[in-house]
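Each remark here refers to the structure printed beneath this line.
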Protein chains: 2
Amino acid sequence: MREIEAVWMRGGTSKCWVFRDADLRLPELSVDEVLLRAFGSPDHRQVDGVGGGTSTTSKAVILAPSERPGADVDYTFAQVGIDEAKVDWGSNCGNCSAVVAAYAVREGWVRATDGETVVRVHNTNTGQLILQLLATPGGVLDEEGSTAIPGVPFLGAPVRMGFVDPVGRTTGALLPSGSTAETIEVDGTAARVTLVDAGAPVVAVLASSVGLRGDEPPARIDADRDLLDRLDRIRREGAVRMGLAPTPAEAERAVPKLALVSADPDGEADVRLRMLSMGQVHPAAPITGSVALTFAARTPGTVVHDLLADGADAPASLRLATPAGTVATFFEVRDGAPVVGVVRTYRRLASGVVHLPQLSSPDTAA
Amino acid sequence: MREIEAVWMRGGTSKCWVFRDADLRLPELSVDEVLLRAFGSPDHRQVDGVGGGTSTTSKAVILAPSERPGADVDYTFAQVGIDEAKVDWGSNCGNCSAVVAAYAVREGWVRATDGETVVRVHNTNTGQLILQLLATPGGVLDEEGSTAIPGVPFLGAPVRMGFVDPVGRTTGALLPSGSTAETIEVDGTAARVTLVDAGAPVVAVLASSVGLRGDEPPARIDADRDLLDRLDRIRREGAVRMGLAPTPAEAERAVPKLALVSADPDGEADVRLRMLSMGQVHPAAPITGSVALTFAARTPGTVVHDLLADGADAPASLRLATPAGTVATFFEVRDGAPVVGVVRTYRRLASGVVHLPQLSSPDTAA
């Protein structure tokens with residue numbers, strides 16, 4: 001039985017198995033084969049492996065020191081199939097990203113400096129550079145649980161994660177339609193929207209313009225087929241105006257996302273948010289979508305900026321009231337480039353080795 | 001952050017974290033507190049710990065060399081609460097039991113002998129002695145995946161687990177009503193049953209006598225309220241006849257279990273089985289219930305024995321066709337006592353340390 005060194009870490013609201021890239025290069029086996037067998041896939045329970053049988057617990061993080069100028073760590077994310085013997089390398093996971101900097105400092109790939117340590121993470125799935133900032137008082141990594149995030153009932157160690165210069169990466173412009181706000185009419189509903197591209201393309205919709213308060217429980221929105229259909233038609237028209245699709249019917253299901261925004265009368269957050277992704281309300285907020293809304297909030301005339309309290313022009317932080325709780329983004333300029341992101345927490349759960357048995361096809365068992 | 005040595009193992013169809021008893025004795029913390037925090041409880045996802053958010057993946061096995069005469073290992077099973085901050089020490093888990101012998105041999109607590117090694121496991125939750133037999137050719141533990149069991153799609157290393165002298169442990173007799181078979185009438189249905197106590201008390205019901213074929217899919221039985229109600233009334237009357245309850249209404253929900261038995265026309269198994277536990281059809285067969293049926297099969301006149309093909313008196317193995325596949329039990333005599341059980345498989349998934357953070361109440365986060 002082969003042994004592969006690994007650390008099991010919580011990153012945000014996900015659980016991620018972290019490997020050194022070199023440790024996964026075994027003779028006569030592809031990385032896909034190694035991950036699938038170690039995780040116990042295919043099997044809906046992953047009972048014979050380290051996967052947890054759900055999408056947020058069947059994730060691998062593969063790391064190596066980077067030889068790329070301007071980056072410290074190369075970070076590859078793998079979504080390991082559960083029922084299917086398939087590894088998806090097509091996207092990054094914002095939550096698993098949160099474990100990278102601390103792992104790199106512990107490995108000695110990045111030297112901790114007194115106060116705060118910056119780790120420059122190159123995500124190979126997307127080509128995005130992510131700056132990660134850790135508290136390192138006296139040059140020592142502080143992993144004491146001190147910070148709460150929505151969806152995790154225990155305190156964790158904080159990491160600030162910023163997307164570097166994320167504006168217009170898909171469409172070429174922050175406001176690809178050329179307008180700060182506009183109206184999209186569907187079935188007699190005149191939706192007031194801002195079309196923004198930063199981190200990811202987002203159609204931000206003023207909740208009141210489509211007859212919503214903006215703080216509806218996700219289950220209520222998810223159960224309203226007519227509403228979902230109307231919102232999806234707004235989203236598809238937005239996709240056309242952003243140049244993402246030639247016609248509404250040809251718009252992708254996952255791009256752009258749609259964000260319902262409203263003012264927060266309690267004042268605890270700057271904006272209330274219900275984000276739709278793949279036709280469902282997100283339980284909190286995807287990190288990329290939060291980045292887009294932060295840019296919109298800093299741009300006078302957008303439907304997001306209009307919701308802010310007076311005097312909140314170009315805020316350095318945007319507090320979003322999501323179904324799971326308040327998520328705060330940050331905005332700062334480093335080396336002349338905007339860096340926008342969120343604080344997540346992480347924790348090491350277990351470390352040691354994962355045991356890899358001789359590969360036997362599941363068909364030969366059962 | 002404290003580190004506790006641990007091995008994550010699959011035992012049968014469960015995933016179990018295995019600890020040395022001494023390693024869980026930390027100053028100023030109870031074992032319950034240590035397990036709950038390490039597993040990430042209370043939290044329905046156990047996202048900040050090593051628990052898997054389901055009952056079959058929130059289990060701990062605690063082991064120590066035994067000082068008890070006739071036992072090699074003391075084995076304590078803990079069912080770690082998920083939503084609740086509660087550890088249940090009240091019962092054993094047959095599946096997790098499967099990891100004990102191999103762990104003890106690897107630790108050097110038991111010396112492997114050429115051919116087969118016997119490990120005598122004392123389960124502290126129930127007081128039951130379990131004999132475990134491992135293949136150790138040349139005195140070396142063979143952990144190669146060679147054996148399939150229902151519910152696990154990969155091959156695993158086999159362990160034969162036998163309950164030592166399990167007859168009458170609850171009621172004092174193998175056939176506590178004094179009959180090999182009898183009739184229980186409910187709503188005009190005359191159920192032919194055998195009441196047997198070995199491993200656990202079981203009401204074995206001839207499926208045809210209650211209008212069933214005996215190979216119905218579990219979902220079909222679970223969906224038939226009238227049938228479930230009728231079966232439960234048979235079970236409760238059986239409890240009274242076994243001396244387990246003074247009246248049917250006072251019978252416990254979990255004891256006795258009810259087993260629907262029928263002949264297997266294909267001949268691949270000796271008996272077809274649908275076992276009801278806590279009012280639901282078991283996806284396979286609880287190990288304790290399989291032990292009871294094995295004794296019934298060896299006793300002429302019981303409803304189980306009557307189903308066997310001619311010439312199968314006192315079989316040394318009973319093959320049970322369960323919804324998940326065929327489970328084979330074994331029966332043998334060692335040192336004058338009957339030893340009855342099943343073959344399960346196990347595998348080490350990961351090993352190293354579990355990280356235990358400073359305990360902070362979940363109420364202070366979130």
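We name chains A, B, ... by the order of the sequence lines, and we start the count at 1 in each one.
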Spacing of [X] atom [atom1] and [Y] atom [atom2] [to the nearest 0.5 Å]:
X         : Y         : atom1 : atom2 : answer
Gln358(A) : Glu144(B) : CD    : CD    : 5.0 Å
Arg45(B)  : Thr13(A)  : CZ    : OG1   : 5.5 Å
His355(A) : Met9(B)   : NE2   : CE    : 8.5 Å

Using a cut-off of under 4.5 Å for heavy-atom pairs, which of [options] has the most such pairs with chain A?
options                                  : value
Val50(B), Val354(B), Asp43(B)            : Val50(B)
Gly40(B), Gly52(B), Gly53(B), Ala350(B)  : Ala350(B)
Gly49(B), Gly145(B), Ala6(B), Ser14(B)   : Gly49(B)
Thr345(B), Leu356(B), Asp48(B), Thr57(B) : Asp48(B)

Which atom of [X] lies closest to which atom of [Y], heavy atoms considered:
X         : Y         : value
Pro357(B) : Arg347(A) : CD-NH1, 3.3 Å
Pro42(B)  : Pro153(A) : O-CG, 4.2 Å
Ser41(B)  : Phe154(A) : O-CZ, 3.5 Å
Gly151(A) : Val47(B)  : O-CG1, 4.0 Å

>> Treating Lys15(A) as the side-chain partner and Gln46(B) as the backbone partner, does any N or O pair qualify as donor plus acceptor under 3.5 Å?
In response: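 At least one qualifying donor-acceptor pair exists.
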
> Crowded around Glu107(B) CD? As in, over 12 foreign heavy atoms under 6.0 Å?
Replying inline: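 Atom CD in Glu107(B) is crowded, with more than 12 foreign heavy atoms closer than 6.0 Å.
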
